[in-house]
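One structure is given below, encoded as structure tokens.
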2 protein chains.
Amino acid sequence: MLGETTSSWQDKRRTAARTEILTAAWAVAREHGLAGLTLREVAARVGMRAPSLYSHFASKHAIYDAMFGQAWTEYERLADAAEAGLPAAPRAALREIARFHLAFAVADLARHQLMNVRTVPDFAPTEEGLAPAVRVLGRLRAHLARLGVTGDEDVDLFTALLAGLVDQQWANDPGGDRWTRLLDRAVDMYADAVGIPRP
Amino acid sequence: MLGETTSSWQDKRRTAARTEILTAAWAVAREHGLAGLTLREVAARVGMRAPSLYSHFASKHAIYDAMFGQAWTEYERLADAAEAGLPAAPRAALREIARFHLAFAVADLARHQLMNVRTVPDFAPTEEGLAPAVRVLGRLRAHLARLGVTGDEDVDLFTALLAGLVDQQWANDPGGDRWTRLLDRAVDMYADAVGIPRP
DNA sequence: GTCTATACACCGATAGAC
DNA sequence: GTCTATCGGTGTATAGAC
């Protein structure tokens with residue numbers, strides 16, 4: 001995970017074990033809900049007893065933290081890939097950014113809950129786990145700036161708009177599209193408000 | 001709670017005990033977080049042992065459900081009181097509705113988490129607990145209709161906008177006003193989009 | 001009816017043997 | 001590293017005192 005220059009045979013085994021544990025943790029979280037994740041079940045899926053997990057992660061929170069980092073890293077990776085295909089027209093570009101965000105947030109409840117926290121009682125990501133999330137927000141700021149949106153409040157308004165659509169979608173129509181289908185209208189409403197020119 | 005025509009001495013004692021338990025539950029939820037609510041601590045605060053709570057509530061979820069109903073009933077009560085002072089100007093009225101909602105949602109994290117669910121793993125409000133929440137949404141629809149906003153999608157867009165501001169506020173600036181202060185801009189943005197006339 | 005005492009199955013976490 | 005055993009916590013069920 002960290003930028004190791006040399007990785008011995010033992011290190012590879014260690015990271016492999018960590019990866020396997022995290023994969024199992026994601027599966028449990030998706031089946032039983034994020035809060036329904038238990039060390040005993042994760043351990044069972046990787047052929048261990050629960051206490052053995054503590055040789056690889058300091059605590060259950062450390063597992064959540066690693067998952068948090070994985071989720072935002074994956075977001076970053078996919079966003080990078082999608083960046084090449086961004087339309088030139090400002091509104092179309094903004095629409096595509098919003099569409100990507102909503103699609104990612106609506107695809108996996110456990111992941112969404114973890115990335116946007118709150119549902120795990122005392123969990124707060126460490127600085128290391130937070131890093132990719134911070135980078136993603138920076139990337140969004142840069143994109144908006146390129147579209148002419150530079151004010152902090154304008155950026156905050158955009159994130160609130162996206163967060164609201166996602167939240168209402170999960171809360172009141174999970175699996176449906178009652179709120180996600182409002183995306184185009186929401187983006188146009190926002191674009192009008194911050195002065196992004198109409199096509 | 002229910003509409004009893006006669007309330008015997010025992011009934012009064014029963015509802016008094018229930019009320020006392022719920023008050024203690026709110027206190028615990030505010031101190032330790034909504035998920036940090038434990039029956040043992042609630043019981044201790046009302047001078048009971050944990051199992052004794054089961055004489056008054058069928059389960060911990062039943063306590064959550066009663067709290068859910070209380071929160072939305074309180075929202076309804078305050079909204080009713082505020083209704084008399086609503087401005088005549090459409091945008092001002094919309095702004096006041098939004099302001100009330102945000103103020104209520106931002107005032108108490110445990111209450112907000114409970115009213116908008118999700119953080120309590122398997123909890124889903126019963127029909128009875130849900131009733132005041134449904135009434136509140138109906139009231140909002142009526143208000144918006146009076147302002148000329150009748151489309152379901154327009155209503156959904158408004159609820160998403162409010163939900164987003166509240167969520168971002170709690171998630172990224174709890175206790176502050178980084179997102180709540182965007183309220184006027186958000187309302188104007190929305191009013192422009194749905195065609196509520198400018199003053 | 002209301003409460004206590006007890007018990008059960010589960011949780012995260014730790015200690016120590018191997 | 002992984003195990004077993006265990007600790008203190010949880011929600012919850014039930015038997016029985018009053």
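Letters go in sequence order (proteins before strands), and every chain restarts at 1.
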(request) Using a heavy-atom cut-off of under 4.0 Å over every strand shown, decide if L37(A) touches base, sugar-phosphate, or nothing. (result) sugar-phosphate

(message) Parallel, tilted or perpendicular: which one describes the rings of H112(B) and W170(B), with boundaries at 30° and 60°?
(response) parallel

(message) Taking D154(A) first and then R185(B), would you say they form a salt bridge - that is, a charged N and a carboxylate O separated by under 4.0 Å?
(response) yes

(message) Considering every strand and a 4.0 Å limit on heavy-atom distances, what is the contact class for T38(A): base, sugar-phosphate, or nothing?
(response) sugar-phosphate

(message) Classify I63(A) by what it touches in the nucleic acid, base, sugar-phosphate, or nothing, heavy-atom distance under 4.0 Å.
(response) nothing

(message) At 4.0 Å (heavy atoms only), tell me whether R14(A) reaches a base, stays on the sugar-phosphate, or touches nothing.
(response) sugar-phosphate

(request) Apply salt bridge (charged side-chain N to carboxylate O under 4.0 Å, His left out) to D152(A) and R141(A), showing your working. (result) CA-CA 9 Å; D152(A) 283 348; R141(A) 283 184 192 286; 3.5 Å; yes

(request) Round to a whole Å and report the spacing from OH of Y54(A) to P of dT14(C). (result) 6 Å

(request) For a side chain to side chain donor-acceptor pair (under 3.5 Å) with Y75(A), tell me which candidate from R111(A), R135(A), H101(A), R139(A) qualifies. (result) H101(A)

(message) For F104(B) and F100(B), take the angle between the two ring planes, folded into 0 to 90°, and tell me which bin it lands in: parallel under 30, tilted 30 to 60, perpendicular over 60.
(response) parallel

(request) Please step through salt bridge (charged side-chain N to carboxylate O under 4.0 Å, His left out) for the pair D192(A) and R91(A), ending with a clear verdict. (result) CA-CA 10 Å; D192(A) 285 339; R91(A) 292 210 178 202; 2.6 Å; yes

(request) Report the distance from atom CZ of F57(A) to atom C1' of dT14(C), rounded to the nearest whole Å. (result) 19 Å

(request) For R40(A), report the nucleic acid contact type (base, sugar-phosphate, nothing); a contact means any heavy atom under 4.0 Å. (result) base

(request) Under 4.0 Å from any heavy atom of chain A: name the first and the last nucleotide of DNA chain D that qualifies, 5' to 3'. (result) dG1(D) to dA5(D)

(request) Figure out the CD1/P separation between I21(A) and dG12(C), and round it to whole Å. (result) 14 Å

(request) Please figure out whether A50(A) or G47(B) has its closest DNA chain C nucleotide nearer the 5' end. (result) G47(B)

(message) Whole angstroms only, please: what is the CZ-P distance between R49(B) and dA5(C)?
(response) 5 Å

